[in-house]
Chemist: 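Sharing a structure with you now.
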Number of protein chains: 2
Amino acid sequence: MATPAAPSQAVPADRAVSGRDRVHASALRLFAEFGVSGTSLQMIADDMGVTKAALYYHYKTKDELVLGVIRPLLERVSRTVEAARRLRSRRAQVEFVLDGLVDVVLDARRSYVVATSDRSVGHLLERDAELQQMGERLVDLLAGPDPTAVDRLRTILFLSGLTGPLSDPECTAMPEDEFRATVVDTGRRLLLVRRT
Amino acid sequence: MATPAAPSQAVPADRAVSGRDRVHASALRLFAEFGVSGTSLQMIADDMGVTKAALYYHYKTKDELVLGVIRPLLERVSRTVEAARRLRSRRAQVEFVLDGLVDVVLDARRSYVVATSDRSVGHLLERDAELQQMGERLVDLLAGPDPTAVDRLRTILFLSGLTGPLSDPECTAMPEDEFRATVVDTGRRLLLVRRT
DNA sequence: GTCTATAATGCGATAGAC
DNA sequence: GTCTATCGCATTATAGAC
């Protein structure tokens, strides 16, 4: 979207990783451990083995760097929600989003934790209507049509609750299949509740 | 525990609030909004209408201030868990802790969010074995005896998930009774699952 | 219990060479 | 794409007066 003439937005996997990708990797690791405000550009530069000034070639400000790290996750979730919208039954929609969400979460656990629970990211998103909407649409789809406050509470509890297991050593040590199955099952239990 | 000759550790409610309590109130509000690392002593001082130096009369370092703000919550949760331990059935224990937890969470929402989701607090607790144990015991009791990784995942998802609704405007606008009932019901749904 | 003043360090950000 | 060097400012923390 901003990278000029790049063949793909995602990590090339084949060609050598771009400088930006290396910045993302270091920044994300540190953001997840120390929080965005607790991570200085110096720490990121040291982690990459370059100087602070080199970061400014890739991003004009720290805020843009943070958004650059978080945006791919939000866009991926957004695409999953859009695809789910085209399914007929609510049940199928929820299952589709749950599966997609676990995918995202499993190979981008750090971004998920940072994006959903860091206060600095929260404030940045408040100033970007488009990115904020992506999160809202996820909640709206999972909460169902004409959601009550109770539906919304269960949905938000589930989504924010994902960050706990992602940071817990015993949970991250689980076999991936078991982790996936448990999360999806828990999601069903919370989201597919018969209305009273 | 540290305050000399103070009649009570909790807020007096009758006598004028102590200086420490005023520090806690300002700090907590700002920690919840900007995160611990995103909150400077200057911001806290400005919020209280005093100078930065005045804070150092109450706490020697920022780290001690943070722990001073968080400790009352952890001790309260710890007492609830201890009381629950003396009940016979698992069902009664879980119900007791759920009720107590919602109490704590409702009148100290900000501390709960800060204590459970701020990375700076996480690192501080890592260096205080006693405080860290309080959190672990809560997880242990709710996860049940000889918990599987699945039990633990559900428990942690629930506990960390509470922070979402606490920060969501629509959820906090719910009548307290409804909020309480929904959280307790969700907790039952996640924690009292028949083993397979 | 709060103030002014200040020390020492780290921060985000910029300029210009290579 | 990365470097050195630097600017201006905010940060935690201390010393000493009131």
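Sequence lines set the chain letters: A, B, ... in the order given, protein chains first and strands last, and positions in each chain run from 1.
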Chemist: Where the side chain of T39(B) meets the backbone of L30(B), is there a donor-acceptor pair that is under 3.5 Å apart?
Modeler: yes

Chemist: Testing T155(A), L141(A), V97(A), L159(A) for side chain to side chain contact (heavy atoms under 4.5 Å, CB included) with L191(A), which one passes?
Modeler: T155(A)

Chemist: Do T148(B) and D151(B) have side-chain N/O donor and acceptor atoms under 3.5 Å apart?
Modeler: yes

Chemist: When the distance from CD of Q42(B) to C1' of dA5(C) is rounded to whole Å, what number comes out?
Modeler: 14 Å

Chemist: Let me know the distance between CG of D46(A) and P of dG10(C), rounded to the nearest Å.
Modeler: 12 Å

Chemist: Y56(A) OH to dA13(C) P: how many Å, rounded?
Modeler: 4 Å

Chemist: Rounded to the nearest 0.5 Å, what separation is found between the CZ atom of R188(B) and the OG1 atom of T186(B)?
Modeler: 9.5 Å

Chemist: What are the 5'-most and 3'-most nucleotides of DNA chain D lying under 4.0 Å from any heavy atom of chain B?
Modeler: dT11(D) to dT14(D)

Chemist: For I44(A) and dG10(C), what is the distance between atoms CD1 and P respectively, to the nearest whole Å?
Modeler: 17 Å

Chemist: Nearest nucleotide by nearest heavy atom, which residue falls closer to the 5' end of DNA chain C, R22(B) or M43(A)?
Modeler: R22(B)

Chemist: Out of R85(B), R79(B), R86(B), which one pairs with E82(B) under the salt bridge (Lys or Arg N to Asp or Glu O under 4.0 Å) rule?
Modeler: R85(B)

Chemist: Atom CD of Q132(A) and atom CG of L124(A): how far apart are they, to the nearest 0.5 Å?
Modeler: 11.5 Å

Chemist: Using whole Å, what does the distance between atom P of nucleotide dA15(C) and atom NZ of K52(A) come to?
Modeler: 15 Å

Chemist: Looking for any heavy atom pair under 4.0 Å, which part of the strands does S40(A) touch: base, sugar-phosphate only, or nothing?
Modeler: sugar-phosphate

